[in-house]
There are 2 protein chains.
Amino acid sequence: MSTYATSHLLGQVLSVDCPSREILEHLTTKWSVLVLRCLSEGVHRFSELKQRIEGVSEKMLAQTLKVLEKDGFLIRTVYPVVPPKVEYQLTILGAQAAEKMTMLTGWIERNLPEILENKQRVAK
Amino acid sequence: MSTYATSHLLGQVLSVDCPSREILEHLTTKWSVLVLRCLSEGVHRFSELKQRIEGVSEKMLAQTLKVLEKDGFLIRTVYPVVPPKVEYQLTILGAQAAEKMTMLTGWIERNLPEILENKQRVAK
DNA sequence: CAGAATCCAACTTGATACTG
DNA sequence: CAGTATCAAGTTGGATTCTG
């Protein structure tokens, strides 16, 4: 059963009121894309993510992780030890979403030379 | 030949200085994702895009199209007629990028019920 | 270690109005 | 039709400081 009133708008990213819009935006954030890419390779701690994702501030990383957790795309596990240890791992859905995103980042990485050359050409 | 100094960083989305970061961000913008999705279905005029992509302002649409054009992902064709007619179509690279993005939006659209249910569960 | 909280500058976005 | 210009307002983001 659907608990939302706009069920007729399901699956319509092009519709303003479709909930998929929000999900899409959460997944395609500057940092969420990179978080998903890292976590798709396995479980990571907060500090590991911070290190691997060059340029993230702790604030943005924490914020991004919160949103993805609330959306049900990742699980946050706190170990009751000192010093604190927190691990992040993708859920099934998160892994599926990450897979799609990784296809994009992978494509960009593989085709970057061609993309940049093409961009140069256009600039002229 | 590569015209950029950071060639050793090629294909490293996780690296701050890799040009792929910028490309990635241009492609994963709120509106660019939807523009790519529309154009992947074929050539569109400005007004058609504005209509189909609910919620875009003309400003944001124009801006998004400019960026994608500069990156070489789409071609803008102006017909010298009155009233003006401008068409937008993806380049080869643009189509490839759009394909990846469409896989994501498609996945979201298809799995939205499950995603939303899962999100509800997490909220508790 | 893993963050939360605060402050503030900078960029983004949305209406609105106007133009070739 | 296909934008551009402008301005107010909202949001983002980073640096810094602090804490269990």
Side-chain angles (χ1 to χ4, degrees), chain A residues 13-17 21-35 38-39 42-71 73-90, chain B residues 13-17 21-35 38-39 42-71 73-90:
Chain A
V13 256
L14 295 177
S15 302
V16 230
D17 298 327
R21 274 275 180 99
E22 197 191 9
I23 301 293
L24 178 60
E25 280 164 42
H26 290 175
L27 290 173
T28 56
T29 284
K30 173 174 183 176
W31 301 118
S32 64
V33 176
L34 301 179
V35 165
C38 279
L39 292 186
V43 179
H44 282 72
R45 298 182 61 171
F46 186 85
S47 54
E48 292 171 342
L49 290 172
K50 195 192 161 195
Q51 273 207 318
R52 292 203 58 195
I53 304 174
E54 295 181 13
V56 237
S57 63
E58 294 184 349
K59 179 187 174 182
M60 282 301 102
L61 181 55
Q63 184 177 305
T64 302
L65 289 168
K66 269 188 189 172
V67 171
L68 292 177
E69 187 191 4
K70 280 193 181 177
D71 280 354
F73 290 130
L74 61 80
I75 291 172
R76 179 173 178 271
T77 309
V78 183
Y79 295 91
V81 297
V82 179
K85 179 179 177 181
V86 179
E87 283 186 345
Y88 294 90
Q89 62 181 310
L90 295 178
Chain B
V13 257
L14 296 176
S15 303
V16 229
D17 298 326
R21 275 273 180 100
E22 196 190 10
I23 300 293
L24 178 61
E25 280 164 41
H26 290 175
L27 290 174
T28 56
T29 284
K30 173 175 185 177
W31 301 119
S32 64
V33 176
L34 301 179
V35 165
C38 279
L39 292 185
V43 179
H44 281 72
R45 296 182 63 170
F46 186 86
S47 54
E48 292 172 342
L49 290 172
K50 195 194 160 192
Q51 273 207 318
R52 292 202 59 194
I53 303 173
E54 294 181 14
V56 234
S57 62
E58 295 185 346
K59 181 186 172 182
M60 281 302 103
L61 181 55
Q63 184 177 306
T64 302
L65 290 168
K66 269 187 189 173
V67 172
L68 292 177
E69 187 191 4
K70 279 192 182 177
D71 280 354
F73 291 130
L74 61 80
I75 291 173
R76 180 174 177 269
T77 309
V78 183
Y79 294 91
V81 296
V82 179
K85 179 179 179 182
V86 179
E87 284 186 347
Y88 294 90
Q89 62 181 308
L90 295 178

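All heavy atoms count here, side chains included; hydrogens, waters and symmetry mates do not. Just so it is clear: chains get the letters A, B, ... in the order the sequence lines come, proteins before strands, and each one is counted from 1. Here the structure is a predicted model, which means the values were calculated and not measured.
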May I have the distance from [X] (atom [atom1]) to [N] (atom [atom2]), rounded to whole angstrom?
X: A:Leu61; N: D:dG13; atom1: CG; atom2: P; answer: 13 Å
X: B:Lys66; N: D:dA5; atom1: NZ; atom2: P; answer: 7 Å
X: A:His26; N: D:dT11; atom1: NE2; atom2: C1'; answer: 13 Å

What is the first contacted nucleotide of DNA chain C and what is the last, in 5' to 3' order, if contact means an atom lying under 4.0 angstrom from a heavy atom of chain B?
C:dT13 to C:dG20

Rounded to the nearest 0.5 Å, what separation is found between the [atom1] atom of [X] and the [atom2] atom of [Y]?
X: A:Leu68; Y: A:Thr29; atom1: CG; atom2: OG1; result: 8.0 Å
X: B:Glu48; Y: B:Tyr88; atom1: CD; atom2: OH; result: 12.0 Å
X: A:Glu25; Y: B:Leu34; atom1: CD; atom2: CG; result: 8.0 Å

Considering all heavy atoms of both residues, which atom of [X] and which atom of [Y] are nearest to each other, and what is their separation?
X: A:Lys50; Y: A:Val56; value: O-CG2, 4.2 Å
X: A:Gly42; Y: A:His44; value: O-ND1, 2.8 Å
X: B:Gly55; Y: A:Val16; value: CA-CG1, 4.0 Å
X: B:Glu54; Y: B:Trp31; value: O-CZ3, 4.0 Å
X: A:Ser32; Y: A:His26; value: OG-O, 2.9 Å
X: A:Val78; Y: A:Arg76; value: CG2-NH1, 3.5 Å

Give one of base, sugar-phosphate or nothing for B:Tyr79, where a contact means two heavy atoms less than 4.0 Å apart.
nothing

So which one's nearest nucleotide on DNA chain D is more toward 5', A:Pro84 or A:Lys30?
A:Lys30

Can you check whether B:Arg45 has a side-chain N or O nearer than 4.0 Å to OP1 or OP2 of D:dC1?
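For B:Arg45, the contact criterion (side-chain N or O under 4.0 Å from OP1 or OP2 of D:dC1) is not met.
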
What verdict does the side-chain contact (heavy atoms from CB on, under 4.5 Å) test give for B:Leu39 and B:Leu49, after you've listed the backbone C-alpha separation in whole Å, the side-chain angles of each residue and the deciding distance to 0.1 Å?
CA-CA 8 Å; B:Leu39 292 185; B:Leu49 290 172; 3.9 Å; yes

Bend angle of the helix from C:dC1-D:dG20 to C:dG20-D:dC1, end axes from five pairs each (to 10°):
60°

Quick check on contacts: within residues 50-60 of chain A, what sits under 4.0 Å from DNA chain C by heavy-atom distance?
A:Glu58, A:Lys59

Is a donor on one side and an acceptor on the other found under 3.5 Å between the side chain of B:Arg21 and the backbone of B:Val13?
yes

